[in-house]
Amino acid sequence: MDLTERVEISVDDGGGALMTGDNGSPRILLVEESEAQAHQLYRMLEQNGFDVRLVGSGEAALATLEETLPDLVVSGYHLPGMNGGQMARQFRMNAATRSIPVLMLTEDVAPGLEREGLESGADAYIAKSAHPDLLVLRMRALLREGSDLIQAEEAGRFRRARIVIVTGPDDNDDKEGAWSDGPGWERDAQGASLGELLWRDGHTVTTVAGSGELIRGGWLGGDEGPDCLVIDLTSPAMDGIAFCRRLDGRRQDVLEAGGVPFRILGIIDAERFRRHSAADLFDAGIDDLVPSDIAPDVLALRIRVMVRRKLAQDELRQQEIKRQVREVALQTAQSEARAVAAKATMAEALAQANAELADANARLLETQAKLVQTAKMASLGELVAGIAHEINNPLAFTLAHEETVARALGQLCTLTEADPPGRRDALLEKCTTRIGSMRLGLQRIQNLVLSLRRFSRLDESAFQDVDVVEAIDTALALLTHKFGQDIIVERHLAAPRTLVCQPALVHQVVMNIVSNAADAIRSLGCEKGEGDTAPRERDVPLGRIVIETALLHLEYGARYVITIADDGPGISPDIRARVFEPFFTTKPVGMGTGLGLAIAYGVIEAHGGSIEIDDAMLQGGQRRGARFTLSIPVRITATGPVTIGRKS
């Protein structure tokens, strides 16, 4: 730096301040009354990348703290008004500024002046005549300690510091609390050693001989590592720079592990110190450097300053850990509270959804019951129409024969002796014949009424003894109008006659399947032009329905099997799985509800049975049809086969 270069710079005495732009560089507050020295220091700091603010007195420095806080204060000791020591004491008395490091500059290096400055609260002391590089390195070492340090308000809050004094390789006294009679800095005028001076402050002091003993003894590892290392670098046998770099590497490990690294204070030869030839030691990571002829009490004071900041950082770290623990606990509690609230909300929403679902299910069941009842009424209407047709035929010819009998009886009443004798006999025979025909018609009507009475047990759901043969005959009688003379119904009932089941098993399931088979056969006949109006041979029926029963003895139990086969168009495999779905039908619109087979499936399921659909081959295999196989679990008792299905 050319110290003769003139730069227009003014020293702020309180009325204003000079600061470079905010570029993220460390903020330095420079307090210096001499304009020439202020000029040199300002240019030197600015060229080294610092953001400098310059004031000319301690009062002006304290006033600038209301605007912004610096990262480091560099101050001369001799200032107008309050001196540098008094200003540093004011910094330490303010809670907001006590963590800011203070570097004291002076022309006089007398021990008493240095002691006063350090005791007032300064963190380091350096002569203004020191080499600029050494001054910058000293400042950077202070900045490494952290400008955001929060010190404890009372020294009593700090734990006892652990201080390790590393003597030269020739010193071998390494037990705790013992100090050698080494260099002059070891003992003061009263004979008190450095370790004793520090021990009086309540610190734990250990002396080790040489760098090798420091590493081998494990002094640098774990939570019980040192807070401050005092290293004697005066021995020519020790490579101070390499050793300091090695120690700085160990400090980086501590820093990466989340700890607070220890401080390093080096003691070098006094002549070398005054030649300012120790800049490489600061670059290697050392925090403070003192000459070998330093007074022990001043050295102890320098160590106390370093230890104080180290312990304050430990205190800050512990507070931060506690804060993080509290924050985690708070976040956990908040998360649990939110989870409980969310669960309560979800439970409430679930309860509401369940209530809505139960209401919808109730409406669905009600609608389903209405639809089933509608289907039953539709089937009943179709059944009533067929029964009316079946009753109308015998009733018509019964009425016709009644008129014939009435006329014959009238003629008998008008016969005279003149009429031929055979006339009376002919009329009586005619009446007898017509009355017999009338009896047949009335018996047919009586049978239909009896079938209706049996069918009236359709809705009975209790399991009871059911005559399967009689129930099938009743179903066929009620479907006679669908068969006519065009559909032949064959029965092969090989299973036992009596079965314990619901009456609906035969009355409804069998009747629905047989009715669908008859409709399928007639639809196939209409497609081929063989309907009621189409000409065909009288002896050739439209189709055939075969009903069979059998009792099968299987390994897993007996099964009562009812098969109903027809030679109609059959059911394609792609829709067989859907025929039992409610409202699914292959009949034309208005011809079916799609509930018949769904009801049949429900009845079979209530018996614990199964219903299957496959192809049927009737009439020599010439026509394909559908075959329904109803399988119901049974057991053999003393009185006959009984279903195992559930009873209600």
I need the minimum non-hydrogen distance between [X] and [Y], along with the two atoms involved.
X    : Y    : result
S25  : D71  : O-OD2, 4.5 Å
A518 : I545 : N-CD1, 3.9 Å
L143 : P26  : CD1-CB, 3.8 Å
G609 : R559 : CA-NH2, 4.2 Å
C501 : V466 : O-CG2, 3.6 Å
A517 : D566 : CB-OD2, 3.6 Å

Gap separating the [atom1] atom of [X] from the [atom2] atom of [Y], nearest 0.5 angstrom:
X    : Y    : atom1 : atom2 : value
T480 : I487 : OG1   : CD1   : 11.0 Å
T432 : L427 : OG1   : CG    : 10.5 Å
Q319 : R326 : CD    : CZ    : 8.5 Å
I472 : T549 : CD1   : OG1   : 6.0 Å
E348 : T345 : CD    : OG1   : 6.5 Å

Would a distance-only check, ignoring hydrogens and angles, find a side-chain to backbone donor-acceptor pair under 3.5 Å from [X] to [Y]?
X    : Y    : answer
Y560 : P496 : yes
N354 : L350 : yes
S335 : Q331 : yes
S523 : A520 : yes
R27  : L69  : yes

| task | Carefully, step by step, assess T629 and I564 under the rule side-chain contact (heavy atoms from CB on, under 4.5 Å). | result | CA-CA 7 Å; T629 302; I564 303 171; over 6 Å; no
| note | Tested for side chain to side chain contact (heavy atoms under 4.5 Å, CB included) against S631, the lone hit among V561, I611, I562 is V561
With a 4.5 Å limit on heavy-atom distance, are the side chains of [X] and [Y] in contact?
X    : Y    : value
V469 : R491 : yes
E548 : V546 : yes
H492 : I547 : no
F483 : V514 : yes
R250 : D253 : yes

| request: For atom CD of E490, decide whether the heavy atoms of other residues, nucleotides or ligands shown that lie under 6.0 angstrom number more than 12. | output: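 Above 12, so yes.
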| CD/Q324: more than 12 non-hydrogen atoms of other groups inside 6.0 Å | yes
| query | Is there a salt bridge (Lys or Arg N to Asp or Glu O under 4.0 Å) between R627 and D615 once you walk through the steps? | reply | CA-CA 6 Å; R627 179 173 61 183; D615 295 330; over 6 Å; no
Pairing of [X] and [Y] as salt bridge, 4.0 angstrom limit:
X    : Y    : result
R251 : D248 : yes
R544 : D567 : no
D465 : R497 : no

| request: With side-chain contact (heavy atoms from CB on, under 4.5 Å) as the test, would you mind laying out the steps for D227 and F262 before giving the verdict? | output: CA-CA 5 Å; D227 296 301; F262 52 84; 5.7 Å; no
